[in-house]
Amino acid sequence: MGILSKRIVVLSGDGIGPEVCGEAVRVLKAVGDRFGHEFTFDYQLMGACAIDATGSPLPEETLAACRQADAVLLGAIGDPKYDNDPTAKVRPEQGLLGLRKSLGLYANIRPITAYDQLLEHSPLKAERIQGADILIFRELTGGMYFGEKGRSEDRAWAYDHCTYHRDEIVRIAHRAFKAAETRRHKLTLVDKANVLETSRLWRETVQSIAPEYPSVALDYLFVDNAAMQIILNPRQFDVILTENMFGDIISDEASVIAGSLGLLPSASVGDGAALFEPIHGSYPQAKGKGIANPIATILSAAMLLDHFDLQEEADCVRDAVQHALDQEVVTPELNSSTLYSTEQVGNFIAYSVLDIADCEVHRNNIKLGMSTII
């Protein structure tokens with residue numbers, strides 16, 4: 001593919017979001033330098049910082065910018081002052097839910113990889129997780145999270161309606177089947193079809209689509225069994241497809257396979273727009289300390305490059321991350337004795353993108369804080 005010019009909206013967000021986003025942008029700039037692409041970065045507000053500045057977790061200016069962008073890169077949202085106030089009417093998370101709905105981001109995609117160098121960081125036994133490689137497709141704009149909800153006048157009872165239309169299932173099912181065709185040709189639908197009518201609709205719909213993908217083996221697990229199997233034998237899974245709430249829970253549970261939330265990226269895609277973000281939260285306790293792990297956000301940037309059909313560039317970023325892990329250039333979360341900060345890890349990965357051999361020359365300077373790229 002030739003030289004590209006792309007506009008990326010950056011929603012740094014709250015807590016450690018600005019720090020990890022800064023390193024992902026640094027790596028994307030290195031990609032642009034190496035491959036001759038032009039990435040323009042437009043910084044906008046969303047989350048608690050947006051509430052503080054404008055009163056809204058998703059200002060109209062931010063939403064308009066995201067609609068016009070080629071992709072959106074998000075750091076993290078959330079703040080304890082809202083988390084600890086159950087009566088708050090306006091919350092940072094409303095901005096993310098609103099953005100997903102407004103942009104039609106109906107599919108969340110989360111790769112779960114067990115890195116050999118980091119098996120010891122997982123609470124699971126190495127022999128159970130070594131070689132695990134799972135891709136989770138979670139439906140993102142339907143189900144209970146977006147259904148009608150309310151409380152009685154006396155607030156003694158509450159309800160959350162879970163609804164799905166067949167079309168909502170069809171569009172993400174096709175994405176999951178197509179992904180399975182490029183991997184190990186297995187798709188697992190996670191539902192609760194023995195109890196829930198919406199799950200029976202999911203199963204009927206996915207079964208009706210399956211004949212279009214004869215090379216993909218389709219199987220089914222109830223969500224409670226799936227939660228257990230992910231821990232007992234994660235290597236049995238290739239691609240997992242599920243509804244919104246089940247996917248929220250299953251994907252967070254699966255993160256223990258990698259040993260750290262700081263390693264796991266995600267993409268939220270629709271028929272046009274796309275949002276890329278790490279799965280970790282805003283981690284306010286680490287804000288400004290330079291200890292946040294930027295790798296999940298950098299790998300989210302690699303997924304952004306995939307979205308642009310820049311496969312070589314995306315692989316280059318993943319290779320650079322692997323090189324950092326191999327050389328133990330990581331933040332204290334992954335190595336308590338490390339001297340590397342968030343910025344230094346980002347610098348090392350950016351140097352690796354430009355030239356892995358050259359980054360070794362600069363390694364000592366990076367450790368000493370004497371070398372900055374871009």
Side-chain angles (χ1 to χ4, degrees), residues 7-15 17-18 21 42-110 137-151 158-165 167-168 171-172 243-245 247-249 251-252 265-282 284 297 300 303-304 307:
R7 180 172 171 270
I8 300 168
V9 165
V10 180
L11 306 175
S12 298
D14 309 316
C21 257
D42 178 8
Y43 291 83
Q44 298 288 336
L45 296 176
M46 190 176 80
C49 62
I51 297 174
D52 293 342
T54 72
S56 169
L58 180 61
E60 283 299 321
E61 182 180 349
T62 298
L63 182 56
C66 291
R67 283 174 169 154
Q68 295 168 6
D70 295 300
V72 180
L73 179 67
L74 170 64
I77 59 168
D79 189 284
K81 67 183 177 184
Y82 299 100
D83 296 340
N84 299 329
D85 181 5
T87 65
K89 300 297 184 184
V90 180
R91 296 179 177 276
E93 294 76 15
Q94 292 169 344
L96 181 55
L97 292 175
L99 183 64
R100 289 171 177 170
K101 197 72 173 180
S102 296
L103 297 183
L105 305 178
Y106 59 80
N108 181 251
I109 306 166
R110 290 191 181 183
F137 279 76
R138 166 193 170 193
E139 201 286 324
L140 207 55
T141 57
M144 193 177 296
Y145 290 179
F146 288 93
E148 183 182 351
K149 52 182 65 28
R151 298 280 289 271
Y159 61 89
D160 297 278
H161 288 170
C162 181
T163 61
Y164 269 106
H165 188 280
D167 290 347
E168 294 177 296
R171 61 189 183 182
I172 189 171
E243 62 101 60
N244 201 344
M245 186 175 72
D248 190 7
I249 297 166
S251 57
D252 277 359
S266 76
S268 299
V269 302
D271 292 329
L275 168 70
F276 302 88
E277 59 178 311
I279 77 165
H280 60 66
S282 60
T297 315
S300 297
M303 296 184 77
L304 182 153
H307 178 69

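Note: hydrogens, waters and symmetry copies are ignored here, and every other heavy atom, side chains too, is used.
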Check your understanding: Between atom CZ of Arg151 and atom CG of Asp160, what is the distance when rounded to the nearest 0.5 Å?
Key -> 10.0 Å

Check your understanding: Looking only at heavy atoms, what is the nearest atom pair of Gly281 and Ala76, with distance?
Key -> O-CB, 3.5 Å

Review point. Is the shortest side-chain N to carboxylate O distance from Asp252 to Arg110 below 4.0 Å?
Key: yes

Check your understanding: At what distance, to the nearest 0.5 angstrom, does CE of Met46 lie from SG of Cys66?
Key -> 7.5 Å

Point to revise | Non-neighbouring partners of Lys101 that pass salt bridge (charged side-chain N to carboxylate O under 4.0 Å, His left out), sequence neighbours left out | key: none

Exercise for review: Check whether any side-chain heavy atom of Arg138 lies under 4.5 Å from a side-chain heavy atom of Asp248, and answer yes or no.
Suggested key: yes

Check your understanding: Quick one: OG1 on Thr141 to CG on Leu105, what's the gap to the nearest 0.5 Å?
Key -> 8.5 Å

Practice item. Kindly give the heavy-atom pair with the smallest separation between Ser300 and Phe276, and that separation in Å. Key: O-CB, 3.6 Å

**Study point:** Any donor-acceptor pair under 3.5 Å from Lys149 side chain to Ala158 backbone
**Key:** no

Practice item. Mind checking the CD1-CD spacing from Ile172 to Glu243? Nearest 0.5 Å is all I need. Key: 10.5 Å

Review point. Would you say the side-chain atoms of Asp70 pair up with the backbone N or O of Arg7, donor to acceptor, closer than 3.5 Å?
Key: yes

**Study point:** Side-chain donor-acceptor pair present, Glu60, Thr62, cut-off under 3.5 Å
**Key:** no

Revision key, fill the gap. Smallest heavy-atom separation, Gly47 atom then Ile77 atom, equals CA-CG2, 4.0 Å

Check your understanding: Are the side chain of Asp14 and the backbone of Ala48 linked by a donor-acceptor contact shorter than 3.5 Å?
Key -> yes

Point to revise | Side chain to side chain, Glu277 and Leu96, heavy atoms closer than 4.5 Å | key: yes

Point to revise | With Ile51, the side chain to side chain contact (heavy atoms under 4.5 Å, CB included) member among Pro59, Pro57, Ser56 | key: Pro57

**Study point:** Glu61, CD: over 12 other non-hydrogen atoms inside 6.0 angstrom
**Key:** no

Check your understanding: Which pair of non-hydrogen atoms, one from Val90 and one from Tyr82, has the smallest distance, and what is that distance?
Key -> O-CD2, 3.5 Å

Check your understanding: Are any of the side-chain heavy atoms of Asp271 and Tyr106 separated by less than 4.5 Å?
Key -> yes

Point to revise | Rounded distance [0.5 Å steps], CG in Asp52 versus NZ in Lys81 | key: 3.5 Å

Practice item. Rounded to the nearest 0.5 Å, what's the gap from CZ on Phe146 to OG1 on Thr163? Could you check? Key: 11.0 Å

Exercise for review: Of all the heavy-atom pairs spanning His280 and Gly75, show the shortest one and how long it is.
Suggested key: CE1-O, 4.5 Å

Point to revise | Minimum heavy-atom distance Ala267-Met303, with the two atoms named | key: CB-CE, 3.6 Å

Exercise for review: For the residue pair Ile8 and Leu304, establish whether any side-chain heavy-atom pair is separated by less than 4.5 Å.
Suggested key: yes

**Study point:** Exam field: side chain Ser282 to backbone Gly78, donor-acceptor pair closer than 3.5 Å
**Key:** yes

